[in-house]
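From a predicted model like this one, the values you see are computed outputs, not experimental measurements. Whatever order the structure lists ligands and atoms in, that order sets their numbers, starting from 1.
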Amino acid sequence: MVIKGIIFDLDGVLVFTDKFHYLAWKKVADKLGIYFDEKINNRLRGVSRMASLEIILENYHGEVLSAQQKEEIAAEKNEYYRSFLAKMRPEDVDIETRSTLAELRRRGYKLALGSSSKNAKFILSQVGLTSAFDAISDGNNITHSKPNPEVFLKAAEFLNLCPGQCAVVEDAYAGIDAAKEGGMLAVAIGDATSYEKDDIKLKKFSDLLKHFK
Ligand code: BG6
Ligand code: MG
């Protein structure tokens, strides 16, 4: 099927907020005496906030936490995280990324965001990327996060395209699984290029222009 739409993951593809997630979770984990490192942080890619907390709590050995306590911990993490996001600026997006998105659009592709984050719109507005997209599907319009394909299927629906007409650009294994599960072309960048399930591997973001003419 001819590809007419391209759906982009946000964290690790367009912007690099991993370190902010790490610092915010680290602060919360330290407070609770939970061991947390960059390796565990890597497992949180593409995973929803509450599912991320469950992964972090694998190393928690204190008293059982209620659902409300977990909500409070996640809310505290989000407050720290948003204090980092508030400092993001347009300069945090590579010129190569910005110009590639513009050129893909000029070539007639419809562009969507497909992110598990509930902060996606805030991030896009901080870095001045909101208008680069025709549709935004994020953590606020889904009930299952990646590797479930829901966020990408919604993005395709928002673009008025069927899944087979869409490509997904992802840096996380969970995102590549979600794209394949959704019946889309899976384009890997960064970490995801070491996965064997993708259809296309990108060395750099602007390589998209070689594959989508
Ligand atoms: C994804 C990140 O984009 O968003 C995950 O890769 C994160 O690490 C998830 O947990 C949810 O983010 P937020 O902003 O809704 O807490
Ligand atoms: Mg990502």
Side-chain angles (χ1 to χ4, degrees), residues 6-29 36-58 70-88 92-94 97 101 112-127 129 133 136-152 154-155 167-180 182 184 186-195 197-198 201-202 205 208:
I6 309 177
I7 304 167
F8 294 86
D9 171 51
L10 179 61
D11 294 332
V13 172
L14 303 171
V15 294
F16 299 91
T17 49
D18 272 19
K19 55 186 179 296
F20 303 147
H21 280 296
Y22 173 75
L23 291 170
W25 279 126
K26 179 78 179 145
K27 205 160 171 174
V28 165
F36 180 65
D37 62 16
E38 304 255 7
K39 209 173 149 207
I40 301 170
N41 193 57
N42 281 343
R43 289 175 56 205
L44 311 183
R45 286 213 188 114
V47 176
S48 73
R49 193 181 308 161
M50 293 313 286
S52 297
L53 176 60
E54 291 301 335
I55 293 174
I56 288 164
L57 290 176
E58 287 170 12
K70 288 182 184 176
E71 289 289 347
E72 283 166 13
I73 295 168
E76 193 181 342
K77 179 266 173 176
N78 194 48
E79 249 179 65
Y80 292 140
Y81 180 57
R82 282 181 69 97
S83 70
F84 292 114
L85 299 184
K87 289 181 207 138
M88 289 187 85
D92 291 313
V93 173
D94 291 341
T97 303
L101 291 173
L113 191 83
S115 166
S116 305
S117 174
K118 291 187 172 167
N119 291 300
K121 286 186 181 137
F122 181 48
I123 297 171
L124 288 184
S125 110
Q126 285 299 107
V127 300
L129 268 186
F133 296 96
I136 292 169
S137 173
D138 67 15
N140 297 298
N141 60 253
I142 54 167
T143 45
H144 306 288
S145 71
K146 304 165 192 175
N148 187 293
E150 189 180 6
V151 74
F152 296 142
K154 279 273 173 220
V168 166
V169 186
E170 258 293 349
D171 72 309
Y173 286 23
I176 296 292
D177 284 338
K180 295 312 297 173
M184 299 167 179
V187 183
I189 191 162
D191 263 28
T193 55
S194 55
Y195 202 27
K197 283 205 191 164
D198 58 352
K201 292 184 199 296
L202 301 179
F205 195 80
L208 281 168

Check: Quick one: do E38 and K26 make a salt bridge, cutoff under 4.0 Å?
Finding: no
Exercise. Are T17 and D11 close enough that a side-chain donor and a side-chain acceptor fall under 3.5 Å?
Worked result: yes
Y81 heavy atoms within 4.0 Å reach ligand 1 at atoms 14 (O)
**OP:** Would you indicate whether E54, at its atom CD, is surrounded by more than 12 heavy atoms from other residues, nucleotides or ligands within a distance under 6.0 Å?
**Re:** yes
Looking at D9, the N, O or S atom sitting nearest the Mg ion (ligand 2) is OD2
Note: ligand 1 atoms sitting under 4.0 Å from heavy atoms of S115 are 3 (O)
The residue among L44, V28, I73 that forms side-chain contact (heavy atoms from CB on, under 4.5 Å) with L53 is I73
Contact region, S52 to ligand 1, non-hydrogen atoms below 4.0 Å, reads side chain
Touching ligand 1 at all, G46? Heavy atoms, strictly under 4.0 Å?
-> yes
for atom 16 (O) of ligand 1, nearest protein heavy atom and its distance come out as R49 NE, 2.7 Å
Counting heavy atoms under 4.0 Å, the part of L10 that contacts ligand 1 is neither
Looking at D171, the N, O or S atom sitting nearest the Mg ion (ligand 2) is OD1
Atom 7 (C) of ligand 1 sits nearest the protein heavy atom V47 O, 3.1 Å
F20 ring center near Y80 ring center (under 6.0 Å)
no
Q) N/O to N/O below 3.5 Å, does that happen between D9 and ligand 1? A) no
Relative to each other, are the rings of F8 and F205 parallel, tilted or perpendicular (30° and 60° limits)? tilted
Would you call K146 and D177 a salt bridge, taking side-chain N to carboxylate O under 4.0 Å as the test?
-> no
With heavy atoms and a 4.0 Å threshold, my read on which part of H21 contacts ligand 1 is side chain
N/O separation below 3.5 Å, K118 to ligand 1
yes
request  = Evaluate salt bridge (charged side-chain N to carboxylate O under 4.0 Å, His left out) for E76 paired with K27, printing each intermediate quantity in order.
outcome  = CA-CA 9 Å; E76 193 181 342; K27 205 160 171 174; over 6 Å; no
Quiz item: Does D11 put an N, O or S atom under 2.8 Å from the Mg ion (ligand 2)?
Solution: yes
- Would you call K201 and D198 a salt bridge, using N to O less than 4.0 angstrom? yes
So for D11 against ligand 1, with non-hydrogen atoms under 4.0 Å, the contacting part is side chain
Have N78 and N119 got a donor and an acceptor in their side chains that come within less than 3.5 Å? yes
Among non-hydrogen protein atoms, atom 8 (O) of ligand 1 lies closest to L44 O, 2.8 Å
